[in-house]
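Order of listing sets the numbers, starting from 1, for every ligand and every atom in it.
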Amino acid sequence: MSALLELQDLRRDFSVGGGLFRKRRTLHAVSGVSLQVARGEVLGIVGESGCGKSTLARMMLGLLRPSAGRVVLDGEDLATLDRRSVARRVQPVFQDPYSSLNPRKTVGAIIGLPLAVHGIGDASSRRRRVVEAMERVGLPERLYDSFPNQLSGGQRQRVAIARALVIRPEIVVCDEPTSALDVSVQAQILNLLEELRRDFGLTYVLISHNLAVVEHIATRVAVMYLGRIVEEAPTELLFRAPRHPYTRALLAAVLTPEPGLGVPDPGLGATFPNPLDPPSGCAFHPRCPMALPRCRRDRPPLVGGVACHLYEEEKAA
Ligand code: SF4
């Protein structure tokens with residue numbers, strides 16, 4: 001199956017810091033990520049905050065140019081397409097529905113904005129489409145003239161989802177779509193996303209720090225650590241037989257009473273490293289309970305869906 005969205009050796013650096021006595025330094029936020037997303041698939045991308053997953057999302061949305069590599073949308077390099085045509089086909093749903101919604105606009109105006117920007121329909125047909133989209137995401141029409149601060153967190157996220165869907169994109173990139181919401185509302189929003197995907201034949205990229213969230217609807221999961229993919233597998237396989245020690249730690253975090261707080265101890269003593277000063281060799285080695293002497297020195301390539309020397313050793317044995 002050909003990919004609808006393809007990331008080819010994608011890299012993104014940022015120049016940070018600097019001052020009177022300090023040199024500017026380069027932060028390698030994304031370091032050579034290659035992924036394919038087939039039409040109708042839900043690719044989950046998981047990792048702790050600072051691992052580069054939101055930078056990756058912004059590149060997929062055409063909001064940030066890669067430093068190197070390409071984002072290819074249905075055979076076309078995103079860099080050669082204008083922002084509007086990318087936005088027509090790839091839409092975001094961001095983490096915090098409050099800050100991503102204009103507080104001075106009504107629900108109807110917010111959801112209808114993409115239709116106006118893309119010059120779709122006239123005022124009355126736009127209103128009809130907005131009301132349809134509201135109904136589809138479970139928002140009653142009476143909220144059409146409400147402002148974001150009059151809505152609950154779950155309702156605000158429904159507005160953000162309706163705004164993403166109203167122009168019928170092919171791909172929706174959801175960056176932490178539930179992490180600002182109460183636990184009781186999270187499952188409702190995930191169920192809604194899944195229903196909409198089925199009904200509209202959408203393709204999702206779902207980004208989260210919490211494996212439990214992606215397990216809900218992802219068909220395949222890529223685990224990111226310090227700008228790189230360390231494991232990639234179909235969701236069922238990843239949960240049944242995780243291979244990378246970091247994936248196993250994330251799974252252990254899911255099983256703790258407060259999932260999503262990051263990689264738990266015990267076993268992983270060191271904290272998340274400074275991305276400006278990443279560890280040598282395998283970047284996970286200071287936290288890895290299974291580190292080998294060579295892990296400090298050699299960075300493991302992603303082979304057969306996992307980037308870990310343990311599996312190279314197994315294959316060689
Ligand atoms: Fe652990 Fe080494 Fe595998 Fe990295 S390469 S995850 S340090 S065993």
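The aromatic rings of F284 and H244 sit tilted relative to each other, their planes meeting at an angle between 30° and 60°.
Heavy-atom minimum distance, A222 versus L35: CB-CD2, 3.9 Å. Closest of all the heavy-atom pairs between P279 and L226 is CD-CD1, 3.8 Å.
Close approach to L310 involves these atoms of ligand 1, each under 4.0 Å from a residue heavy atom: 8 (S). Residue contact check: H244 has heavy atoms under 4.0 Å from atoms 6 (S) of ligand 1. Those atoms of ligand 1 with a heavy atom of P245 less than 4.0 angstrom away are 6 (S). Residue M290 has at least one heavy-atom neighbour below 4.0 Å for each of these atoms of ligand 1: 8 (S).
Under the 4.0 Å criterion applied to side-chain N and carboxylate O atoms, E132 and R128 are not assigned as salt-bridge partners. With respect to R197 and E194, a salt bridge is recorded, a charged nitrogen being found less than 4.0 Å from a carboxylate O. Between R58 and D175 there is no salt bridge, since no side-chain nitrogen of the basic residue lies less than 4.0 Å from a carboxylate oxygen of the acidic one.
Protein heavy atom in closest approach to atom 1 (Fe) of ligand 1: C288 SG, 2.3 Å. When hydrogens are left out, the protein atom nearest atom 2 (Fe) of ligand 1 is C295 SG, 2.2 Å; that is the closest non-hydrogen contact. Atom 3 (Fe) of ligand 1 has its closest protein heavy atom at C308 SG, 2.3 Å. Protein heavy atom at the shortest distance from atom 4 (Fe) of ligand 1 is C282 SG, 2.3 Å. For atom 5 (S) of ligand 1, the closest heavy atom belonging to the protein is H309 N, 3.3 Å.
Checking each of L64, V30, T26 against F14 for a side chain to side chain contact (heavy atoms under 4.5 Å, CB included) leaves exactly one that passes, namely L64.
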